[in-house]
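Positions are given from 1, in the same order as the sequence printed here. Computed from a predicted structure; not experimentally measured.
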Amino acid sequence: MTFRIDVLTIFPEYLAPLGQSLLGKAAARGLVSVGVHDLRQWTDDVHRTVDDSPYGGGPGMVMRPEPWGRALEAVRPPGTRLVVPTPAGRPFTQAVAAGWATEPGLVFACGRYEGIDQRVADWAAEGGPVSEVSIGDYVLAGGESAVLVMVEAVTRLLPGVVGNAESVEFDSHADGLLEGPSYTRPATWRGREVPPVLLSGDHAAIARWRRAQSLRRTADRRPDLLAGLPDGALTPADRAA
Ligand code: ADE
């Protein structure tokens, strides 16, 4: 099955990277297909207006609902998840990406300015799941770069897109922890040695060492992730590491 991605934006050129590298190859192999659509196609005035000032006052502009309603009716297959990137959304995580990768496809609605009139997401929820999501606690100028991030995170989880399924299985975040350090040849570089256990050939010892590194790095850089692990996720050996 081809995973279908549609993106609605007023800056279609911004999504040009979707045709490149990993995703371009996946598209060429029929695993993914991507459509990028200019929202202004669905405006109905000579100025092709997509925004207006906010009711209640305040800075910036809000995207008007009418073009969005027509665009979604034209582009969104019934039941397909609508993803609306917004700094006011729920966090986009590896677990969210893994869930979306099991669905038939996704439609992304890129807002600019102060966002999209809230009635669009509320109305769209009648036609299928709607996810308002943030890629991090910072404010971007619009949803386009967030869509590039989310599409990359989701598509590399689709069966067959990444050549080595193990490289996806052992990713940072796949088990709720950060991945530890990696090394390659030469064994000594500028006086720095590769940790000897990695050269030992003792696969059980290597697995234990990697797990300990992963736990230490997570404790140091992301204590919030350790605190959020479900009960039983850490073994007595983990706690000793
Ligand atoms: N649009 C603006 N900022 C954003 C963010 N942090 N995540 C997703 N979409 C956004």
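Between E144 and R112 there is a salt bridge, with a side-chain nitrogen of the basic residue lying less than 4.0 Å from a carboxylate oxygen of the acidic one. A salt bridge links D238 with R211: the closest approach of a Lys/Arg side-chain nitrogen to an acidic carboxylate oxygen falls below 4.0 angstrom.
At least one side-chain heavy atom of M63 sits less than 4.5 Å from a side-chain heavy atom of L39. At a threshold of 4.5 Å between non-hydrogen side-chain atoms, the residues V34 and V151 do not count as touching. Residues D122 and V130 are not in side-chain contact: their nearest non-hydrogen atoms beyond the backbone lie 4.5 Å or more apart. The shortest distance between side-chain heavy atoms of W42 and L72 does not fall below 4.5 Å. Using a 4.5 Å heavy-atom cutoff, the side chains of T49 and P67 are not in contact. In this structure, the side chains of T93 and H173 stay at 4.5 Å or more apart for every pair of heavy atoms. Contact annotation: the side chain of P181 approaches that of R217 to within less than 4.5 Å [non-hydrogen atoms, C-beta and beyond].
When T218, D175, L177 are each tested for a side chain to side chain contact (heavy atoms under 4.5 Å, CB included) with L229, only one passes: L177. A side chain to side chain contact (heavy atoms under 4.5 Å, CB included) with V147 is found for one member of L15, L8, V36, I135 and no other, namely L15.
L158 and V149 fall within a single hydrophobic cluster, where Ile, Leu, Val, Met, Phe, Trp and Tyr side chains are chained together by heavy-atom contacts under 4.5 Å. Criterion: ILVMFWY side-chain heavy atoms under 4.5 Å apart, direct or through other members. Under it, L225 and L234 are not part of a common hydrophobic cluster. A continuous path of hydrophobic side-chain contacts links Y14 to Y138 [ILVMFWY only; heavy atoms under 4.5 Å]. In the hydrophobic clustering of this structure, L18 groups with L82; members are Ile, Leu, Val, Met, Phe, Trp, Tyr whose side-chain heavy atoms approach within less than 4.5 Å, directly or through other members. Under a hydrophobic clustering in which Ile, Leu, Val, Met, Phe, Trp and Tyr are joined whenever their side-chain heavy atoms come within less than 4.5 Å, directly or via other members, W189 and L198 fall into different clusters.
Formation of a donor-acceptor pair under 3.5 Å by the S53 side chain with backbone atoms of M61 is not found in this model. Under a 3.5 Å cut-off, the side chain of R4 and the backbone N or O of P77 do not form any donor-acceptor pair.
The neighbour count for D137 CG, taken as heavy atoms of other residues, nucleotides or ligands under 6.0 Å away, does not exceed 12. R210 CZ: 12 or fewer foreign heavy atoms inside a 6.0 Å radius.
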> Between V120 and V84, does a side chain to side chain contact (heavy atoms under 4.5 Å, CB included) hold up when you go through it step by step?
Replying inline: CA-CA 10 Å; V120 174; V84 186; over 6 Å; no
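Taking the six-membered ring where tryptophan is involved, the planes of W100 and F108 are perpendicular, since the angle between them exceeds 60° and thus also 30°.
For the salt bridge (Lys or Arg N to Asp or Glu O under 4.0 Å) condition, the pairs that include at least one residue of residues 51-72, sequence neighbours left out, are D44-R70, D52-R64, R64-E66.
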